[in-house]
Every structure is written in C-alpha cells, then in structure tokens.
Amino acid sequence: MINITLPDGSVRQFEQGVTSLEVAQSISEGLARNVLAAKVNDSVWDLSRPITEDARVQLLTWNDDLGKNTFWHSSAHILAEALEALYPGIKFGIGPPVENGFYYDVDLGEQHFSQDDFAKVEQKMLELARSKSEFERREVSKAEAVAYFEEKGDQYKLDLIKDLEDGTITFYTQGNFVDLCRGPHLPNTGFVKAVKLMNVAGAYWRGDEKGKQLTRIYGVTFPKQKELTEYLERLEEAKKRDHRKLGKELELFTFSEKVGMGLPLWLPKGTLLRERLEQFLRKAQQRAGYQPVVTPHIGSKELYITSGHYEKYGADSFQPIRTPNEGEEFFLKPMNCPHHCEIYKTRPRSYKELPVRLAEFGTVYRYEQSGELHGLTRVRGFTQDDAHIFCRPDQVKDEFLKVIDLVLYVFHSLGFEDYTAQISLRDPENKQKYIGTDEAWEKAETAIIEAAAEKGLSTVTELGEAAFYGPKLDFMVKDALGRKWQLGTIQVDYNLPERFQLEYIGADNQKHRPVMLHRAPFGSLERFVALVIEHCGGNFPLWLSPEQYAILPISEKFHDFAQQVKELLEQEDIRGYVDNRDEKIGRKIRDAEVRKVPFMLIVGEKEQENNAVSVRKHGEGDLGSMTVGEFTGMFKAKIAEALNK
RNA sequence: GCCUCCAUAGCUCAGCUGGUAGAGCAACUGACUUGUAAUCAGUAGGUCGUUGGUUCGAUUCCGACUGGGGGCUCCA
C-alpha cells in the first residue's frame, strides 16, 4: 500500500500502482468525470499513469491553469492529427498550450493553408474528438525516436530529439497520430467538445529570425460548447475597447500615410487628454523633488558614441542628418539620458545636492521594424515621461524605493491594479550583448531585487530582458486583447556615469562617480494613453475626459443661457461644449452618450427660470435638476475622490 | 524585416462568375423650435490605395509597391 496526500492534507491509502483517476473516483464520481490531469508531487501526470510510491496528488480540472494547459496541449495534438489527415506529408514543429488556447507550428511544404480552411479542419478535429481516442504514453529510446521520425522525414522533430537525453523520451499516440511529447495528456480526445481555430501566422523555427519560417495555427477548445460561445463573445467585447478603434471614434489621434508610418498625430481631444496626464505627473514629480528640463530633439553623433548607443543601435536606427556645409552628423534622439548627462555636467556637483532628479517629457524617435508597429503602443516617435536621477551609491536603494512609490501612485490613480512587476536581468549566457563590468551589473541587479522585495512587489524575473546598459524593473499591463505591454520602467545604470565621466565631490573632498537611475512611470505617453483607453473603454475618469460636459439646450431660445452656463464652468476650469444644433433634445443626448461625455447638462425653460441645469450622467441617466454651483461642487468632489483614493 | 490576410465616399459596409459603382451615418441647404439615446426633405461627395500587366473592356483576374490587421523576430 502507498500513501497519497491530498491538497487538504488528508492522507489516503491505495494499492501500489494506483492511478490518479482511481484516486479521483474514490473521492467522487463527479470529480472523476471532470478531472483532466493530476499533479503528482511536483510534476503533472496523465491520469492513467500508475503511482508507485507515496506521493502528494492534486487533481486538476478545467478550473486549474495546469488542467487547462493539459486540455489545450492535448487539443494541439488533435489539431495535428486533423492536419496530418487533411494535408498528408506535412511536418510538425512544436504544439504547446498558450494563455488562451494552443498552437501548432507546421511546415506545409508545397501545400497552402489559410483561414478559408479553418472550417474543414475544425470539423475534422471534432470528428476526432468524438472518436474518444485514448492518449497512450510510451517511453522510447533515443534511437527508436530518431528512427521513427527519420522514417517519417520530420526534420523538426529530429532537431528536437537531438537535444533530448536518452531515457527521458516519450511518445504519445492518439488514433493514427504519434508525437514526440513530454505530456501529460487528457485520458482521451472525447473531453474536447468545442473547437475554434483563431488565426494563422508565420513563426520562425526555434524563434530564429534567420531560420525557416513555419505556419503557426492558433486554436482554442473547450469542454462545453457554451464556454466557447462565451469566450468568443468576450473577445468581441474586447475588440470594442481596442484603442485604435476608440481613438478614431472619439477623435483622439490619427495616422497619416503622408506623415509616415508609426508617427501618431494627436487630435485636439487626444491632446487635451495627454496634457492632463502630463499635468498630473508634473505635479507628482514636483512633490517628489524632480526638476523639469528641456532638451532638443537631436544630438550629435559624438554624444551617442560616448553613450554607447551608436555602437549598439547606430546601424539599426534612423540614419543621421547632416549639416549642409560642414557635414556634421546629428541623430534624432532615441532617448534622453545622454542629454541629461550633459546637463548634470554643466558644473561641479557636491554630494550635498545629490540626488539630482532631472525630468523631461522628451519626444524620441526610434526606428522600429515596420511589422512591429501597432496603434499607439508601438510607434516610431513618442514622448517618454523620462527622468534621470543622479545619486550617491548609498542613495540608490532609497531612490529606487521612492520611484516604485511614484509608479504605483500613477498606476493606482489610473486604475491599473492588474499589472506584472517584471525584474529584467542580463542573460548570463550572452554577456557580450551588454556593456559594463560584471561588478556593476551585479550591484545593479542586487539593488533592484532588494528594492522590489522590500516593497513587497510580487515579481517575475526574466533573464535576457535587461537593457544593454543595465537591469530594469518593468511594470507590464495587458491590453484589451490580452497582449502584455511595458508601461512603467525603472533602471539602474552604472555605465553611463562612467562613459560620461560624471562626478561629484564627496565629503572627503575627493571626486566620486554618481549612480544613475532611469525611470518613466508612464513609459511613453502614447502607449500609456492606449492602455488607459482600453482599460476604461473610452469612458475616461472625469479628470482626464477631454469633454467633461455637454450643455444641451432644449431649443434655440436657450442658447444664450447655455452660453452663460458654459462661461461659469470655464471659470471653474471645467471643460466642455454647447450643442446648439437645431436638433431635438433626444438627438443631442444620444450624440453626447455616443461621444462618452460624462455629464450632459440640459437647459430649457425651467432651468433658465431657476438658474439651474438638469444633469444627466453618461451611462446612468437623469440625476435631476441642480444649480450650477451645486453641479460644480459635485463635479469637483468626484474628481478629488478619484485622485485621492 | 519575415509569413499571412486585407484595402470601395469623412465613417461603417454592399457590389454573383470582368461590361467604369450603391446604402446607412456624417457633411452641406431648407423646413421644424423641440424635455432625457437618432425630426423630415433635398444637395453634394468616389480616376474603387498606387502602379504595371492580361483583356475589345479591370473596382473585379495576375504582379509589384504603399498602407493596415494577425503573428514571428526585434524593442535603448
């Protein structure tokens, strides 16, 4: 007999060789029907795999991420089986589960596959699912594995096997399809009840840009048809929040082919919104001891040779502009730090005045690959809410902590509660990608890890994601469609102070080298605005809204009164417009609702008599009549509440 | 940059297998003077992204380019 410990701590005894499915059956029939896989000690197993010694067992269902992963991983195999049946001779890369489904990378050879073929493949997948084929696990020797795929002529699988150790290789078979796979899998294909292929895309084999490009087919499956329907509905809803769509509808920004791809044009309403964000951060930074500076949009080539950016990015950035006569070369600035270093150097610095915090809403230009551009989230010209903190080594941690506070203040004020704090470190396997000494890197990485821990941030650590001059703490937020974007970032840098020979005079009257922190709570205004739009679905917080009210006169007779109300509100720094078109009130209300204007102020005879406005709130309806004074009072209270929560 | 799909009026879209285009909304004009999500009527608006080719004839078929979507790679 062996002891099986369940997650609640209870221990049950079973025969040696018991399967997780049998464990589930001993608990309840319902659980046995829903269980998809099991976590045995620390790895996920097939339900049918015999357990031969004492173990901790956690039964995984659709409600567990690991259960979903197993479900989708098995679905990828069903997709592969369907594809093999419909497109004989195709070769397979990898087919893993992902956050919302799964994909399989395939080499179709001479055959073609597009969205038009989805229905056919989906049908085949459902047919295979209904056949309830079991997923059979088999341990194979490396030689056997190689022989099988050589016979099949699948060079990708052979490529994968090459890196595997003999004795750890397993095959899974369902129906007529055999795959090299670590597993685990569902007991059989019948668990899959609903299938939807989502899109096709190119993907480099093993992520190598120079390598062969395979066709990646994305799909998603569910244990119930209803869940698929709901998922697709959620997706439709999410698309309505896409900032590119709302940006156009709400007239916030646009792009022009003539101006150039990836170069956003801010429309008046978008500019208003952006300026409110700037103002908000300027205030917070003033309180935190930052000093605003302004620097030009270009800098000489020498500047970037000194900073190291030229060596790293010179060939892959916008090429320099030249003076007509002297041939001097200038680059559009891709970042603000070198300029700020030069500001720091204007005069000798005393240890007493550190930290020096120089802040600038600096517009920078970067050559991004054309295929990378994406709405406002990835552009070629954008404005960073940049600042550089020059401090003594003993101040680094404290400054870092203060910046974390600032970033979190910004995020909370905008309602970004669902973010990931990512510690981005150097790739230890690939040190030549970075500049600076090992010692400096270690100091910087330690500083970040300690500061994040001290703030109690729950972090994920990514190797190889550091900037080339230093490690980062990045705050990532997802867009409407679940794509992750970096917003806030804090970076420790020992390299630029060295390269620019930055100094301060210490208490010992000796020269010392300051440490630099780069930081941007928004990251870029463009990307931040994009994420704000998607998070609120265009229904901006009152303080950000480009049009905070619309005054809607009942008829032309009240246009003068409407104008008087507008002037009163303007005095209170509340912005909006009067809709004095010859339209019925119902129409004006509808249009203001569509424009997502937070407050509609309806003025007619009653209001004029009482010097009042009838207030209607966007999405909620009539709030009744009140004086202009009462309205502004309520209005300001709401803003104060939103910003101080 | 790579793979793939897409491109018709300011916006959203229709236009079967090739015979030079249509709707709704927006705009403009007029009438209506309006009480909580679309008043009525009229007018104007497109060398069908650009450019080659096939054809008697191309918005429609093919190629290139430009821009956009999805993904890959990249992201100071």
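Per chain, numbering begins at 1; letters A, B, ... match sequence-line order.
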Task: Set of residues satisfying side-chain hydrogen bond (donor to acceptor under 3.5 Å, both in side chains) with respect to Arg587(A), sequence neighbours excluded - done: Asp591(A)
Open item on the list: Does anything in residues 594-611 of chain A come within less than 4.0 Å of RNA chain B? Heavy atoms only, and list the residues if so.
Closed with: Ile602(A), Gly604(A), Glu605(A), Lys606(A), Glu607(A)
Task: Non-neighbouring partners of Asp116(A) that pass side-chain hydrogen bond (donor to acceptor under 3.5 Å, both in side chains), sequence neighbours left out - done: none
TODO: Using ring-ring contact (aromatic ring centres under 6.0 Å, His included) as the criterion, list what pairs up with Phe400(A), not counting sequence neighbours.
DONE: none
Every protein N/O lying under 3.5 Å from an N/O of nucleotides 25-32 of chain B:
from	atom 1	to	atom 2	distance (Å)
A26(B)	OP1	Arg587(A)	NH2	2.1
C32(B)	N4	Asp582(A)	OD2	3.3

Open item on the list: It should be established whether Ser114(A) places a side-chain nitrogen or oxygen under 4.0 Å from OP1 or OP2 of nucleotide U4(B).
Closed with: no
Task: Spacing of the C1' atoms in G1(B) and A58(B) (rounded, Å) - done: 33 Å
TODO: Determine the Euclidean distance between corresponding P atoms of C2(B) and A26(B); express it in Å to zero decimal places.
DONE: 43 Å
TODO: May I have the distance from Asn199(A) (atom CG) to C3(B) (atom P), rounded to whole angstrom?
DONE: 18 Å
Task: Identified side chain to side chain contact (heavy atoms under 4.5 Å, CB included) partner of Tyr549(A) from the options Val578(A), Ile574(A), Val565(A) - done: Ile574(A)
Open item on the list: Could you tell me how far apart Lys239(A) (NZ) and G70(B) (P) are, to the nearest whole angstrom?
Closed with: 9 Å
Short heteroatom pairs, N/O only, protein and nucleotides 44-46 of chain B, under 3.5 Å:
none

Open item on the list: Base, sugar-phosphate or nothing for His618(A)? Non-hydrogen atoms, less than 4.0 Å.
Closed with: nothing
Open item on the list: With a 3.5 Å distance limit and no angle check, can you tell me whether Arg513(A) reaches the backbone of Leu502(A) through a side-chain donor-acceptor pair?
Closed with: yes
Task: Set of side chain to side chain contact (heavy atoms under 4.5 Å, CB included) partners for Lys584(A), sequence neighbours left out - done: none
- [ ] Please measure how far the P atom in G68(B) lies from the corresponding atom in U29(B), and state the result in whole Å.
- [x] 35 Å
Open item on the list: As a test of understanding, state which of Val613(A), Asn580(A), Leu601(A) forms a side chain to side chain contact (heavy atoms under 4.5 Å, CB included) with Ile551(A).
Closed with: Leu601(A)
Open item on the list: Looking at G71(B), I'd like to know if its phosphate oxygens (OP1 or OP2) sit under 4.0 Å from a side-chain N or O belonging to Arg483(A).
Closed with: yes
Task: Upstream residue (5' side of RNA chain B) when Gly371(A) and Gly375(A) are each assigned their closest nucleotide - done: Gly371(A)
- [ ] Provide the distance between the two P atoms, one in C75(B) and one in G67(B), to the nearest whole Å.
- [x] 23 Å
- [ ] Check every strand shown and say whether Arg616(A) touches a base, only sugar-phosphate, or nothing at a heavy-atom separation below 4.0 Å.
- [x] base
TODO: Using the test side-chain hydrogen bond (donor to acceptor under 3.5 Å, both in side chains), find all partners of Ser307(A) that sit at least two apart in sequence or belong to another chain.
DONE: His309(A)
TODO: Runs of at least three consecutive Watson-Crick or G-U pairs, both distances under 3.5 Å, are what I'm after; which ones involve RNA chain B?
DONE: B:1-7 with B:66-72, B:10-13 with B:22-25, B:27-31 with B:39-43, B:49-53 with B:61-65
- [ ] Please work out if Glu583(A) contacts a base, only the sugar-phosphate, or nothing of the nucleic acid, heavy-atom cut-off 4.0 Å.
- [x] base
Open item on the list: Side-chain N or O of His374(A) versus OP1/OP2 of G71(B): is the shortest distance under 4.0 Å?
Closed with: no
TODO: Verify whether the ring centers belonging to Tyr218(A) and Tyr104(A) lie closer than 6.0 Å.
DONE: no
Open item on the list: Taking atom types as they are modelled, would you say the side chain of Arg378(A) forms a donor-acceptor pair with the base of C74(B) within the 3.5 Å cutoff?
Closed with: yes
Task: G57(B) to C61(B) separation - C1' atoms, rounded to the nearest Å - done: 13 Å
Task: For Val594(A), all residues meeting side chain to side chain contact (heavy atoms under 4.5 Å, CB included), sequence neighbours excluded - done: Arg590(A)
Task: Passing option when Tyr313(A) is tested against Tyr304(A), Phe468(A), Tyr367(A) for ring pair (Phe, Tyr, Trp, His ring centres under 6.0 Å) - done: Phe468(A)
TODO: May I ask you to evaluate whether Tyr469(A) reaches the phosphate of A76(B), defined as a side-chain N or O under 4.0 Å from OP1 or OP2?
DONE: no
- [ ] Could you check whether Lys312(A) gets within reach of a base, just the sugar-phosphate, or nothing at all, counting any heavy atom under 4.0 Å?
- [x] nothing
Open item on the list: Under 4.0 Å, counting only non-hydrogen atoms across every strand here, what does Tyr218(A) touch: a base, just sugar-phosphate, or nothing?
Closed with: sugar-phosphate
Task: Under 4.0 angstrom between Lys557(A) side-chain N/O and U34(B) OP1 or OP2 - done: yes
- [ ] Mind checking Ala201(A) for me? I need base, sugar-phosphate or nothing, with any heavy atom below 4.0 Å counting as a touch.
- [x] base
Task: Pairwise 5' ranking along RNA chain B for Glu465(A) and Ser614(A), keeping only the more 5' one - done: Ser614(A)
Between the protein and nucleotides 47-52 of chain B, which nitrogen or oxygen pairs come in under 3.5 angstrom?
none

Detail all sub-3.5 Å separations between protein N/O atoms and N/O atoms belonging to nucleotides 10-13 of chain B.
from	atom 1	to	atom 2	distance (Å)
U12(B)	OP1	Lys248(A)	NZ	3.4

TODO: Could you tell me whether the phosphate oxygens of A76(B), OP1 or OP2, come under 4.0 Å of any side-chain nitrogen or oxygen in His339(A)?
DONE: no
- [ ] Check whether any side-chain nitrogen or oxygen of Arg244(A) sits under 4.0 Å from OP1 or OP2 of G70(B), and answer yes or no.
- [x] yes
TODO: Measure centre to centre between the rings of Phe631(A) and Phe599(A), then say whether the value is under 6.0 Å.
DONE: yes
Open item on the list: Tell me whether Phe468(A) and A76(B) count as stacked here, given that the ring centres must be under 5.5 Å apart and the planes must differ by less than 30 degrees.
Closed with: no
- [ ] Could you work out the separation of U43(B) and G22(B) based on their P atoms and round it to a whole Å?
- [x] 15 Å
